[in-house]
Amino acid sequence: MSSNRSSFTGKIGFVLAAAGSAVGLGNIWRFPYLAAKYGGGIFLLVYIALSLTFGFSLMVAEIAIGRKTQLSPMGAFRALDKRFAFVGVLGAIVPSIILPYYSVIGGWVMKYAYGFITGDAFNMAQDSYFGGFIGQTWEPLVWFALFIGITAIIVLFGVEKGIEKVSKVMMPVLVVLILFIAIFTLCTVDGALDGLIYYIKPDFSKFSIMTVVAAMGQLFYSMSLAMGIMITFGSYMKKDISIEKSTKQIEIFDTGIAFLAGLMIIPAVYAFSGGDPEALGKGPSLMFGALPKIFANMPAGTVIGVVFFVMVFLAALTSSISLMETVVSTIQDKFGIGRKASCFIVLGISIAFGVPSSLGYSAWGGVKILGLQILDFFDFASNNILMPIVAFLTCIFVGYILKPKAITDEVELEGNRLKHKKTFNIMIKYVAPLCILIILISSVLDVFGIVKI
């Protein structure tokens, strides 16, 4: 490790930054959508069970790899075993693919936050507004550039002065805003309590193997697993901080935010749709299409809309910061260049790949890859193919090449103890690889229309 490598000042900074990475757009709209689709309470129970076993083991392994090597993903795997250096390369590619299209969506969020702040809420509630906005050529590009620019500025300041400082402010604010909207909705919107029951009451008739597959897929997306982020953040983690306790706190934070997001969105959508479950199955358009209508028809809806989209912007920004930091760190470690130059390189690459993702809904709308629009293809390739592959290879590497003991020894430094060592060993060697293969196969079958997830 280089003596001047950045680090988090302490446990709180690490946990909030890692939680900030985990908490993003996936928690705000993807978790509520999947929870509604797969039985509400039963999906939540499956997700929590997987988080405490599958997710816990993989996150511990990734953080420990980062702290043990003090390197970003590409360098970390090479340092541990040159034969598996390619896993680090794949891990570095994932955030490089995600960051550009994620920032395009972040720009959409900024546009809606600005629109509500400037009094354009009524127009934004119209059916044609969202499609008309992303169907333009230049305005979405401007918002995308603004979002990725803010991300780059924060990352430019480094780990302690940039990422840690911003996360310490953003994450508590995010929790307060979500709680405020959830409580306000439940107390003021007629029918919201019925929506609450729909959300938290398990519907066992909807339980199937696809419930488990969907929950596992969400876990990857939500907890920033298999995209190099946790390895990178682990490399900035001090040796006296407990990896096990930090992982548990990140999981609690991430799952809590996801649950509260469902509490904030599902009762309101349920109430205003008259209990129509189809209204909850709109995926991304749930946030940009259905929710503005809800805000337009609820008491103090404009104010609530402003608060909501500012909150979503903060959530999206914390995740984009982590994605960019992972790529910047990789470039620094690989080529030995400074943070400023690395930031500008990543910014340039992100703009180059983000522009096609944005234009895929307008000028390049006729361009399809595997039948998917450009942004959707990048999302599928990263989240449904590359991430499961990286996670599977990480489990094989830790379980059978490096051996779990190397990870548990790192976790147990400075008198810390891994209480669930046996569970970790079983999960990382047997259960997690099998689960990941199921996700990967299901994703491929889904994109070709053989099985719909």
Side-chain angles (χ1 to χ4, degrees), residues 17 20-26 28-29 72 92-115 133-134 136-159 161-163 165-167 170 174 221 224 227-229 232 284 287-288 309-332 337-364 373-379 381-383:
S21 165
V23 174
L25 295 176
I28 302 300
W29 64 259
S72 57
I93 290 173
V94 172
S96 302
I97 294 175
I98 295 176
L99 177 61
Y101 79 76
Y102 191 93
S103 297
V104 170
I105 302 173
W108 298 349
V109 174
M110 286 189 71
K111 162 66 176 178
Y112 270 69
Y114 175 79
F133 164 62
I134 64 173
Q136 298 179 54
T137 298
W138 294 108
E139 188 177 3
L141 287 176
V142 171
W143 289 107
F144 155 66
L146 187 58
F147 183 88
I148 194 70
I150 293 173
T151 301
I153 290 171
I154 295 172
V155 173
L156 191 62
F157 279 101
V159 176
K161 294 181 180 180
I163 299 168
K165 185 171 291 186
V166 170
S167 297
M170 281 189 180
L174 186 63
Y221 195 91
S224 295
M227 56 180 78
I229 290 175
T232 301
M287 182 165 65
F288 297 108
F309 281 107
V310 168
M311 176 206 67
V312 176
F313 165 69
L314 295 179
L317 189 60
T318 55
S319 292
S320 66
I321 289 167
S322 302
L323 289 164
M324 180 173 281
E325 174 61 28
T326 300
V327 185
V328 167
S329 177
T330 297
I331 291 176
Q332 285 184 281
I337 59 179
R339 172 170 287 270
K340 182 181 293 186
S342 298
C343 280
F344 281 114
I345 290 171
V346 175
L347 179 62
I349 294 172
S350 298
I351 291 174
F353 281 91
V355 168
S357 294
S358 180
L359 294 179
Y361 293 96
S362 55
W364 294 359
Q373 289 178 304
I374 299 173
L375 186 150
D376 296 330
F377 171 75
F378 284 140
D379 180 60
S382 57
N383 288 285

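- The main-chain N or O of Asp379 is found under 3.5 Å from a side-chain atom of Ser382 such that the two form a donor-acceptor pair.
- Note that the CD1 atom of Ile337 and the CZ atom of Phe344 stand 12.0 Å from one another [nearest 0.5 Å].
- The shortest distance between side-chain heavy atoms of Gln136 and Ser362 does not fall below 4.5 Å.
- The closest side-chain heavy-atom distance from Phe353 to Ile374 is not below 4.5 Å.
- Taking OG of Ser103 as the reference point, atom CG of Leu347 lies at 9.5 Å (rounded to 0.5 Å).
- Although no hydrogens or angles enter the test, the distance criterion places no donor-acceptor pair under 3.5 Å between the side chain of Arg339 and the main chain of Ser329.
- Closest heavy-atom contact between Met227 and Val94: CB-CG1, 3.5 Å.
- Residues Trp108 and Ile134 meet the side-chain proximity criterion, which asks for heavy atoms closer than 4.5 Å.
- Atom CE of Met324 sits about 12.0 Å away from atom CD1 of Ile229, to the nearest 0.5 Å.
- To the nearest 0.5 Å, atom CZ of residue Phe378 and atom OG of residue Ser96 are 11.5 Å apart.
- In this structure, Phe133 and Phe288 have side chains that are not in contact, with every pair of non-hydrogen atoms separated by 4.5 Å or more.
- Ile345 has its side chain out of reach of Val327: every pair of non-hydrogen atoms, C-beta onward, lies at least 4.5 Å apart.
- The shortest distance between side-chain heavy atoms of Val346 and Leu99 falls below 4.5 Å.
- You'll find the side chain of Pro356 reaches within 4.5 Å of the side chain of Trp364, heavy atoms only.
- Residues Ile351 and Val355 are in side-chain contact: their nearest non-hydrogen atoms beyond the backbone lie under 4.5 Å apart.
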N/O donor-acceptor pairs under 3.5 Å from side chains in residues 140-154, not counting sequence neighbours:
from: Trp143; atom 1: NE1; to: Glu139; atom 2: OE2; distance (Å): 3.4
from: Thr151; atom 1: OG1; to: Phe147; atom 2: O; distance (Å): 3.1
from: Thr151; atom 1: OG1; to: Ser320; atom 2: OG; distance (Å): 2.9

*asked:* Apply side-chain hydrogen bond (donor to acceptor under 3.5 Å, both in side chains) to residues Ser358 and Tyr101 and explain how you reach the verdict.
replied: CA-CA 8 Å; Ser358 180; Tyr101 79 76; over 6 Å; no
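- If you take OH on Tyr102 and CG on Leu317, they are separated by 9.0 Å, rounding to the nearest 0.5 Å.
- If you take CD1 on Ile321 and OG1 on Thr326, they are separated by 11.5 Å, rounding to the nearest 0.5 Å.
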